[in-house]
J.: 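To start, I am sharing the structure in question, which I have written as structure tokens.
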Amino acid sequence: MVQSLRSVLGLALDVSFLGGPQPQRGVGVVAPFDFALDRELWRWVPDEVSLHLTRTPFVPVEVSLDLARLVSEHETLHDAVQALAAVAPEVVAYACTSGSFVGGVAGERAMCAAMSQAGEIPSLTTSGALLEALREIGARRIAVVTPYTQSVTDSLEEYLAEGGMTVTGRAYLGLTRHIWKVPYRDVVDMARQAVVGATDALFISCTNLPTYDVIPQLEAELRMPVLSANQVTMWAALRAIGAQAVGPYQALLDPAARSGPAGMSVSPSGPFPVTDPVVESMLGAVEAVESVVDEPEAALAGAAPPGSDGDPADGLDPGFGTGLGEGPYLDDSGGPAAG
């Protein structure tokens with residue numbers, strides 16, 4: 001009776017035309033306990049791929065070399081990968097830059113081997129993906145931006161050197177917690193400080209540092225490829241399963257962008273000349289606009305609030321850990337950051 005009434009009233013719905021849900025491919029992600037940027041990872045992921053995230057157990061240690069070692073212990077990784085194995089991802093990515101470079105190149109390879117053995121699943125890390133991405137774009141001279149303390153930033157530079165890369169300049173914030181709260185304008189300011197001399201690419205370290213929206217803007221301004229920790233992690237993980245990361249005009253994701261209007265060819269003297277008349281016209285228009293803007297970062301990352309003196313640290317949360325001192329780029333002792 002109810003069925004007949006529904007038919008008469010037109011209430012019977014046929015959803016067979018939907019044909020879904022579509023089969024999903026899986027990428028497993030192991031992240032540190034304080035990782036706060038799940039949504040950022042998803043922005044690089046195509047619709048047919050799902051991310052399966054798990055976190056390492058909490059330890060009461062601020063961001064430091066000690067924390068990097070703790071969250072990358074093989075036993076910790078073994079348990080995390082085994083948990084992910086229940087949903088059968090095609091690859092597992094360890095999304096932590098410091099945790100995967102703290103043991104050097106040999107340590108990173110040992111981590112991959114331990115994860116692969118734990119779940120019988122191909123595995124990779126952020127730092128391993130970084131070296132792979134730098135080779136992909138043909139970069140060897142790297143400017144580095146980090147939210148870390150000096151000691152952790154030093155360890156990253158040592159890892160890059162071991163991987164055959166030269167750090168040409170760097171800037172860091174000296175933070176020990178709440179890294180995910182750093183605004184884009186501070187990332188931009190550090191990038192401008194770090195890129196000096198002949199540089200092939202900029203790397204923005206730490207998977208807990210927001211970067212997705214700032215990458216194309218920095219590439220356009222600096223006219224070189226800009227890589228970030230989350231970007232290279234997703235790029236490598238998706239490539240490992242035959243998929244492609246998505247994102248707006250980013251040189252790593254789009255080979256055509258490496259020689260496009262953002263100017264991705266680097267000359268020995270640094271930023272290269274522009275020979276395309278269309279691009280030259282575009283850049284001329286940009287320069288005309290910038291000439292009437294007091295502070296370029298106001299157009300790129302949002303103007304400072306009324307009454308602000310424009311200090312890059314103005315947007316930082318007052319609860320940041322030690323290392324900030326009175327300025328944005330200071331070392332562990334509160335002194336000026338090394339170049």
Side-chain angles (χ1 to χ4, degrees), residues 34-37 39-41 43 62-64 97-98 126 142-154 156-157 167-196 199 201-222 224-232 250 290 293-339:
D34 64 341
F35 181 71
L37 300 181
R39 182 69 186 95
E40 173 155 299
L41 292 185
R43 297 178 75 182
E62 293 184 323
V63 176
S64 62
T97 325
S98 60
T126 297
I142 315 302
V144 171
V145 163
T146 88
Y148 311 135
T149 59
Q150 180 178 355
S151 59
V152 181
T153 305
D154 289 344
L156 171 58
E157 185 169 349
V167 173
T168 58
R170 69 184 198 177
Y172 55 91
L173 286 172
L175 303 183
T176 58
R177 59 194 180 104
H178 294 179
I179 289 172
W180 67 88
K181 296 181 181 179
V182 174
Y184 281 149
R185 75 167 179 265
D186 291 350
V187 177
V188 170
D189 287 328
M190 284 195 294
R192 290 170 178 161
Q193 177 182 340
V195 176
V196 293
T199 302
L202 169 70
F203 174 59
I204 306 171
S205 191
C206 190
T207 54
N208 224 7
L209 186 66
T211 58
Y212 184 91
D213 295 302
V214 82
I215 290 174
Q217 285 89 341
L218 277 176
E219 288 191 341
E221 177 182 335
L222 302 175
M224 65 178 59
V226 175
L227 310 181
S228 79
N230 283 330
Q231 179 204 47
V232 299
Q250 298 176 23
E290 288 182 341
V293 177
D294 290 333
E295 294 188 33
E297 63 267 33
L300 179 64
S308 167
D309 60 5
D311 189 308
D314 286 348
L316 295 179
D317 186 278
F320 280 138
T322 59
L324 279 172
E326 296 179 355
Y329 315 127
L330 303 181
D331 65 20
D332 306 29
S333 63

J.: Where is the tightest heavy-atom contact between T97 and A229, given as atom of each residue plus distance?
T.: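 Heavy-atom minimum between the residues: OG1-CB, 3.3 Å.
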J.: Give, for atom CD1 of I179 and atom CZ of F35, the distance between the pair rounded to the nearest 0.5 Å.
T.: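 Atom-to-atom, I179:CD1 and F35:CZ are 12.0 Å apart.
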J.: Under a 4.5 Å cut-off applied to non-hydrogen side-chain atoms, are V63 and L175 in contact?
T.: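 V63 vs L175: side chains apart.
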J.: Does M190 form a side chain to side chain contact (heavy atoms under 4.5 Å, CB included) with I204? I'd like the steps, not just the answer.
T.: CA-CA 9 Å; M190 284 195 294; I204 306 171; over 6 Å; no
J.: Salt bridge check: are D34 and R177 linked by an N-O gap of less than 4.0 Å?
T.: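 Between R177 and D34 there is no salt bridge, as every charged N stays at least 4.0 Å from the carboxylate O atoms.
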J.: Specify the closest pair of heavy atoms between T211 and S228, including all atoms of both residues, with the distance to one decimal.
T.: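 Closest pair (atom of T211, atom of S228, distance): OG1-OG, 2.8 Å.
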J.: Looking at M224 and T199, what are the two nearest heavy atoms and their distance?
T.: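 In terms of heavy atoms, the two residues are closest at CE-O, 3.6 Å.
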J.: Where is the tightest heavy-atom contact between A194 and V144, given as atom of each residue plus distance?
T.: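 In terms of heavy atoms, the two residues are closest at CB-O, 3.6 Å.
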J.: State the OH-CG distance between Y184 and L209, to the nearest 0.5 angstrom.
T.: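 It is 9.0 Å, given to the nearest 0.5 Å.
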J.: Can you name the nearest heavy-atom pair linking V195 to A143, along with the distance?
T.: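 Of all heavy-atom pairs spanning V195 and A143, the closest is CG2-CB, 3.9 Å.
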J.: At what distance, to the nearest 0.5 angstrom, does CG of L222 lie from CZ of R192?
T.: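 Spacing of CG (L222) from CZ (R192) equals 8.0 Å.
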J.: With distance as the sole criterion, is a donor-acceptor pair present between the side chains of E40 and T207 under 3.5 Å?
T.: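 There is no such pair (donor and acceptor under 3.5 Å, judged by atom type) between the side chains of E40 and T207.
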J.: For V196 versus T168, what's the shortest heavy-atom pair and its separation?
T.: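 Looking at all heavy atoms of both residues, the closest pair is CG2-O, 3.5 Å.
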J.: I'd like to know if the side chain of N230 and the backbone of P210 have a donor-acceptor N/O pair within less than 3.5 Å.
T.: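 Such a contact is absent between N230 side chain and P210 backbone.
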J.: Run the side chain to side chain contact (heavy atoms under 4.5 Å, CB included) check on T146 and V152 step by step: do they pass?
T.: CA-CA 9 Å; T146 88; V152 181; over 6 Å; no
J.: Side chains of S205 and Y148: donor-acceptor distance under 3.5 Å anywhere?
T.: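 Judged by distance alone, the side chains do pair up.
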J.: In Å, rounded to the nearest 0.5 Å, how long is the span from CD of Q150 to CZ of R170?
T.: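 These two atoms lie 5.5 Å from each other.
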J.: Rounded to the nearest 0.5 Å, how far does CZ of F203 lie from CD of Q231?
T.: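 Result: 9.5 Å between the selected atoms.
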J.: So, are K181 and D186 salt-bridged, with charged N and O less than 4.0 Å apart?
T.: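 So K181 does not pair with D186 through a salt bridge.
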